[in-house]
Amino acid sequence: MLKKNGRHDGVAKANAARDSDWLFSDLNDAQREAVVQTDGPVLILAGAGSGKTRVLTYRIAHVLANGLAAPQEILAMTFTNKAAGEMRDRVAKLVPELVSGMWIGTFHSLFARLLRREGERIGYPSNFAIYDDSDQMTLIKAILKEMNLNVQANPPRLLARKISNAKNKMLSPREFLETAETPDDDLAAQVYTLYQNRLREQNAMDFDDLLLKPLELFNSFPLVLQFYQDRFHYILVDEYQDTNHAQYLAVRLLAQKHKNICVVGDDDQSIYRWRGADLRNILDFEHDYPKCSMFRLEQNYRSTKNILAAAHSVVKNNRQRHSKELWTERQQGDRVMVYAVSDEREEARYVVNFINNEFRIANRNFYDFAILYRTNAQSRALEDALRVEGIPYNIVGGLRFYERKEVKDVLAYLRVLSNPADAVNLKRIINYPVRGIGDATVAKLEAFARDKKITLFDALSRAKEVSGIASRTADKVISLHNLLGKYISLQNEFSSAELATMLVEELGIFRFFKEEGTLEAASRADNVRELLLAIAEFNNANGRTTTLADYLQQVTLVSDIDTWNDKSNMVTLMTLHSAKGLEFSVVFITGLEEGLFPLSRSLDDPSALEEERRLFYVGATRAKEKLYLIWAKNRRRFGDLPGGAKSRFLKEIDQRYVQTNESRTQQLFKKKREQSIWEQDRMPNYEDESQEQIEFKVGMRVYHNKFGKGTILKINSQTDNVKLAVLFDEEGEKKLVLPYAKLEIL
DNA sequence: TCCCACTTTCTTTTT
DNA sequence: GAAAGTGGGA
């Protein structure tokens with residue numbers, strides 16, 4: 001990404017002239033060749049930081065400026081909305097008058113658009129719902145219940161994964177059932193069958209369906225396929241290494257007529273195998289499109305020589321890759337810093353110190369820094385340290401706004417209004433706010449609906465007919481149906497923002513939070529307010545004609561990175577996965593321990609391990625000037641402290657590019673060992689320092705950084721975790737688990 | 001049907 | 001230490 005260098009200014013001035021100056025002034029030879037080769041299939045192998053987005057956007061601009069195609073004849077697919085938005089903006093800078101009408105977006109959003117237009121043919125009315133992971137999980141749990149199966153013996157998460165894997169292999173429920181080899185798979189196939197039926201009944205699709213249903217549509221309706229084949233003269237795919245089989249097939253079908261398909265990718269940056277991404281799609285491109293042109297972009301404009309060389313020395317250990325090495329004209333730069341620390345808290349303190357140091361020695365801003373980790377759970381200790389130091393930070397991922405309970409509740413109403421067949425969301429709100437319709441009643445209604453072959457929503461209106469539902473309960477059910485029915489018909493008269501506002505008012509949600517009176521309820525109310533604001537904003541940005549379904553789709557298909565604001569001056573914390581495609585002056589990769597990065601689950605699977613290695617490569621190549629790699633000897637995971645071993649990736653780095661500053665504790669340890677070499681080697685036990693459990697006694701005054709001061713009432717040390725009952729002066733009595741509660745003795 | 005207290009799980013990564 | 005799930009009692 002070359003967003004901040006001055007070269008773009010010249011570009012902005014260029015207009016859509018036939019012979020475009022910018023084509024020559026802004027691109028290197030390889031990039032230019034890739035841009036002007038517009039005919040036929042093109043594979044661009046673009047290394048990290050080699051300007052692949054630039055090539056894609058210039059290619060689109062080139063096609064448009066030279067009249068090779070009209071905007072609506074261009075289809076460009078990415079994986080995140082952020083990437084799509086960036087691409088659109090950059091094309092707009094080059095050829096401002098030619099951008100509207102292009103299909104630029106994520107696979108999921110573009111395919112959803114296609115399905116809203118054409119899905120009716122395969123039985124999906126245009127208002128179909130999109131189920132996210134949690135909807136999916138809710139549905140699977142309901143199915144297990146229906147099948148009288150134990151949730152504990154059959155973890156819904158596992159089933160969801162199996163179903164998704166089957167879908168990614170394009171196996172129908174029947175095919176999956178036929179190929180099932182174990183009883184577990186057999187069961188999964190049965191759940192899959194019901195799951196797919198329920199989705200259809202509820203006019204809903206999950207994320208996988210968004211990619212698969214277009215294929216179903218194309219296969220059943222060749223004329224529809226033909227229409228889109230004719231339409232899209234130029235097709236471009238970003239991050240091609242992350243496409244799965246369905247995406248591969250869809251792209252191939254769409255490109256069949258004009259064959260102007262251009263894919264950009266880097267096999268070294270393929271990190272979504274677990275989501276069905278198939279590396280073969282990029283490795284076999286030449287085979288699939290025999291007459292394709294191939295271009296390699298190997299000049300890196302981002303990182304220093306040291307960073308690039310260090311990253312390469314790791315990734316070259318992978319066997320499944322095109323061999324290649326990036327080069328750069330940039331300076332040698334500092335060596336990559338590798339640090340060993342005692343635990344995650346020290347790790348966080350180190351990061352904070354480094355940030356402060358970088359501020360002193362180099363003239364940096366907060367947005368120059370990124371702290372990367374393998375799992376979201378690692379952010380906590382880092383956040384604590386940043387907060388203590390008063391460093392502004394921004395977390396990408398973690399709890400999303402749209403995943404908060406109160407937000408989901410209101411959204412659930414809107415989703416039912418948009419698609420009344422959506423039983424997953426209807427069940428979510430059927431007793432929210434509490435209106436005396438319990439599980440037993442819902443179960444009877446569901447049975448009735450199934451028996452009469454109607455939707456749950458329609459069953460609500462006939463509650464009186466359901467045997468076993470008391471008359472008073474049936475009245476409540478019917479009044480809910482009336483309420484929903486009223487708003488469903490109001491949809492045509494009011495914008496979705498107005499509708500949502502009226503609904504929240506009528507439900508008395510704010511009143512409900514106010515009565516609760518707690519700080520937490522107030523913040524929940526704020527979140528609902530924010531949601532209403534967001535809906536209004538969406539209406540304003542996209543015009544009043546936008547439907548509720550449009551808004552809900554957008555909400556469901558946003559990713560964490562889409563909402564990240566790279567202009568705010570804050571340190572960014574995020575997972576390595578989220579960091580793909582970004583760049584920062586200074587990058588910290590934390591938690592480089594065997595078992596965490598690479599993750600333990602991948603240790604015995606060579607392909608998975610290679611993917612972890614690519615993830616390391618992706619992380620390291622985000623850095624422009626400085627790269628810090630940190631590992632901790634002890635890290636709290638699952639409550640206990642496994643002795644962490646240094647990640648193999650650290651050992652694989654060519655030491656010529658590395659500077660290792662042993663931590664103070666490690667030096668002490670080394671010194672001690674030298675003094676008494678005959679003594680048994682033992683890692684210092686940091687836990688003993690921080691948790692002198694014997695010190696706590698009943699009656700003692702203590703301090704907790706959330707609850708304040710208090711007195712210990714009771715100590716229960718029978719279990720592994722010592723539990724304390726403490727009477728806090730402000731907050732009253734609380735039960736605390738010692739290893740988690742950071743209690744100080746006063 | 002609802003509420004509270006207790007237990008269990010969470011830790012891969014995401015459209 | 002949070003969130004989600006479970007089970008007993010009102």
Side-chain angles (χ1 to χ4, degrees), chain A residues 77-84 105-112 130-134 136-138 141 150-152 155-157 161 164 168 205-211 239 242-244 246-247 270-277 372-380 396-400 403-405 431 434-442 470 472-473 476 553-562 574-580 591 595-602 608 611-612 614-615 618-619 635-639 642 704 706-707 719 721 723 734-742:
Chain A
M77 289 178 280
T78 64
F79 277 86
T80 65
N81 294 294
K82 185 176 185 297
T106 64
F107 276 96
H108 289 84
S109 65
L110 292 175
F111 285 0
I130 300 171
Y131 279 179
D132 65 14
D133 284 353
S134 79
Q136 193 182 15
M137 214 59 80
T138 311
K141 281 176 197 163
N150 187 348
V151 179
Q152 255 153 355
R157 298 177 58 89
R161 264 191 68 154
S164 179
N168 281 321
M205 300 196 201
D206 64 14
F207 288 141
D208 295 323
D209 286 340
L210 288 179
L211 306 180
E239 310 277 16
D242 287 331
T243 51
N244 67 19
Q247 288 162 323
S270 165
I271 53 174
Y272 288 102
R273 196 182 73 116
W274 52 274
R275 215 170 67 188
L372 308 181
Y373 35 76
R374 181 66 240 267
T375 67
N376 277 309
Q378 286 165 251
S379 70
R380 186 176 230 113
V396 177
L399 302 116
R400 288 196 229 170
E403 277 166 12
R404 285 161 211 251
K405 187 189 173 298
N431 201 30
V434 176
R435 51 170 73 88
I437 307 174
D439 292 346
T441 308
V442 174
R472 277 184 54 190
T473 311
K476 292 174 189 159
Q553 168 174 322
Q554 192 255 129
V555 164
T556 313
L557 296 184
V558 285
S559 68
D560 294 323
I561 200 68
D562 295 336
M574 64 183 143
T575 62
L576 287 140
H577 282 87
S578 297
K580 193 169 72 159
L596 183 59
F597 191 24
L599 213 52
S600 52
R601 292 187 195 194
S602 63
E611 176 141 315
E612 296 280 314
R614 291 193 290 270
L615 191 55
V618 167
R635 184 178 299 272
R636 218 175 288 254
R637 272 185 99 204
F638 293 111
H704 184 277
K706 190 163 156 198
F707 301 131
T719 51
N721 289 336
K723 289 173 186 167
K734 300 274 176 196
K735 293 203 171 68
L736 303 168
V737 184
L738 196 52
Y740 299 119
K742 288 157 206 155

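Here is how names work: the chains are called A, B, and so on, in the same order as the sequence lines, proteins then strands, and each is numbered from 1.
Within the nucleic acid shown, A:S602 has no heavy atom closer than 4.0 Å to any nucleic acid atom. Backbone-only engagement by A:K141 is indicated by non-hydrogen atom pairs under 4.0 Å involving sugar-phosphate atoms exclusively.
The separation between A:M137 atom CE and C:dA3 atom C1' is 14 Å, rounded to whole Å. Atoms CZ (A:R635) and P (B:dT11) sit 17 Å apart, rounded to a whole Å. When rounded to the nearest whole Å, the span between CG of A:L596 and P of B:dT11 equals 14 Å. When rounded to the nearest whole Å, the span between CZ of A:R404 and P of C:dA2 equals 14 Å. Here the P atom of nucleotide B:dC10 and the CZ atom of A:R380 are 17 Å apart, to the nearest Å.
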Q: Convert the base pairs of DNA chain B into dot-bracket notation, remembering that pairs crossing earlier ones are written with [ ] and that bases paired across to another strand are shown as |; include only Watson-Crick or G-U pairs under 3.5 Å.
A: ||||||||||.....

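Minimum heavy-atom separation, A:S559 to A:N81: N-ND2, 4.4 Å. Of all heavy-atom pairs spanning A:I561 and A:M574, the tightest one is CD1-SD, 4.0 Å. Here the closest heavy-atom approach between residue A:A84 and residue A:T78 is recorded as CB-OG1, 3.5 Å.
A:D208 and A:S164 form a side-chain donor-acceptor contact under 3.5 Å, judged by distance and modelled atom types alone. Under the 3.5 Å distance criterion, with hydrogens and angles disregarded, a donor-acceptor pair is assigned to the side chains of A:T375 and A:Q378.
Residues A:L576 and A:Y373 form no side-chain contact, since every pair of their non-hydrogen atoms from C-beta on lies 4.5 Å or further apart.
Taking CZ of A:F111 as the reference point, atom CE of A:M77 lies at 5.0 Å (rounded to 0.5 Å).
Using a distance-only test at 3.5 Å, with no hydrogens or angles considered, no donor-acceptor pair links the side chain of A:H108 to the main chain of A:L210.
In this structure, A:R275 has no salt bridge (charged side-chain N to carboxylate O under 4.0 Å, His left out) partners at least two apart in sequence or on a different chain.
Of the C1' atoms belonging to B:dT11 and C:dT6, the separation is 23 Å, rounded to the nearest Å.
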Give each protein N/O atom lying under 3.5 Å from an N/O atom of nucleotides 13-15 of chain B, with the pair distance.
from	atom 1	to	atom 2	distance (Å)
B:dT13	OP1	A:N376	N	2.9
B:dT13	OP1	A:N376	ND2	3.2
B:dT13	O2	A:W274	NE1	3.2
B:dT13	O2	A:R374	NH2	2.5
B:dT13	O2	A:H577	NE2	3.3
B:dT14	OP1	A:T575	OG1	3.2
B:dT14	OP1	A:S578	OG	3.0
B:dT14	O4'	A:R275	NH1	3.3
B:dT15	OP1	A:S559	OG	2.7
B:dT15	O3'	A:H108	ND1	3.3
B:dT15	O2	A:H108	NE2	3.0
B:dT15	O4	A:D133	OD1	3.3
B:dT15	O4	A:D133	OD2	3.4

